[in-house]
Amino acid sequence: MAKDYYATLGVNKSATQDEIKSAFRKLAHTHHPDKGGKEEKFKEINEAYQALGDADKRKQYDQFGSAAFDGSGGGNPFAGGQGGFQGFDPSMFGDLGSMFGDMFGGGGGGGRQKGQDLAVQVTLTFKEAVFGVEKEITLNKSFNCERCGGVGAEPATSLKKCSTCNGQGHVIGQQRTVFGTIQTRNVCATCHGRGELPEKPCTACAGKGVQHGKKSVRVEIPAGVDNGMQIRVRGQGEVLGAAGEPGDLYLQVRVQSDARFVREGDNIYVTRLVGFTQAALGCEVEVDTVDGKVSMKIPAGTQSGEELRLRGKGVPHGRGRGDEIVTIQVVTPRKLDKEQRKLLEELALNEK
Ligand SMILES: [Zn+2]
Ligand SMILES: [Zn+2]
């Protein structure tokens, strides 16, 4: 569902970066969980600021809406760095990722752990970004052991109940805090929350269920992505075998420039040179588009700098596509042969 980050921060669409920053500061102070604020609300504010606090990301948001971002907050390896937490007291904000991890149990709730997220840059051609593309990316990462499928047991052997936690997956402990002693529930260190252990550990992974090395991952890049955007690929981060969920993979998109096209949002701009007689008399010319060359009518009397629009030849968005805008540049000849000169001189006689 689309989220209105401007409304979340209580600022106008035209707010300056400074106004956004100051609105975020105020709200973050008010809703900080340490001060009795709600975790959800604080996360929302943080998510909104990650999108709007950075001028580039804000542009993406204005264009694509919140779908360009995701609410993973702390789990996002790019967050924080460029997200704009510079200048804040780190002891107050700390690393939001680890803070939420500690405070709210890593999002897993019942003690399921999550593997680390990975980040990798993908470079796309101009057209790949416009139309989307499927890419195969080779990563150096952990993956589920191929011999045991991540279970950690030798094939055809069974699992036995973990004796440390008596099959519960967690152990109860006590922690002293300023509010007194509280009971804590910790993930069992022996079985990592599974409650069971392999009878015979897998010989390929020593029972961990995890192997490391090069792994190819096929990823689908949607149409319309732009430079600097991030795409989350669920479950393609580091794995924990049977001890937890895999992390996510973040693709950071780089788009190569194309000498013919300039993109602004969903529209694509090109420049087409035409001769001055062509412009004066009108003509039909071929124009480059991302779909290939198309024929375009130049009306008689077209001026240099005039913009003509090719509808639906821009970047796909939702159900439609943006336009291609063709700027006509009228070229005056530098050299004339005898005949041309004579014709133009005749023409010039009529020009007052
Ligand atoms: Zn194995
Ligand atoms: Zn256990």
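We number each residue from 1, following the sequence as shown. The analysis underlying the following values was restricted to heavy atoms, covering all of them including side chains, and did not include hydrogens, waters or symmetry mates. Read the numbers this way: they start at 1 and go in the same order the structure lists the ligands and their atoms.
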Notebook entry, point to check: Is the closest side-chain donor-acceptor distance between Thr181 and Gln174 under 3.5 Å?
Noted result: no
Margin query: Quiz question: by atom type and distance under 3.5 Å, do the side chains of Ser158 and Glu199 form a donor-acceptor pair?
Written below: yes
Margin query: Assess whether a salt bridge exists between Lys57 and Asp62, defined as any Lys/Arg side-chain N lying under 4.0 Å from an Asp/Glu carboxylate O.
Written below: no
Check: Is any NZ, NE, NH1 or NH2 atom of the basic residue among Glu238 and Lys141 found under 4.0 Å from an Asp or Glu carboxylate oxygen of the other?
Finding: no
Margin query: Quick check against the 3.5 Å criterion: does Asp337 have a side-chain atom that pairs as donor or acceptor with the backbone of Glu339?
Written below: yes
Check: Does the Asn267 side chain pair with the main chain of Asp323, one donor and one acceptor, at a distance under 3.5 Å?
Finding: yes
Checklist line | Check: Tyr6 main-chain N/O paired with Asp4 side-chain donor or acceptor under 3.5 Å | finding: yes
Margin query: Inside 2.8 Å of the Zn ion (ligand 1) but strictly below it, how many protein N/O/S atoms are present?
Written below: 4
Item checked: Side-chain donor-acceptor pair present, Arg147, Thr203, cut-off under 3.5 Å -> yes
Checklist line | Under-2.8 Å protein N/O/S neighbours of the Zn ion (ligand 2), ordered by chain then residue number | finding: Cys162 SG, Cys165 SG, Cys188 SG, Cys191 SG
Checklist line | Main-chain N/O of Ile328 paired with Arg272 side-chain donor or acceptor, under 3.5 Å | finding: no
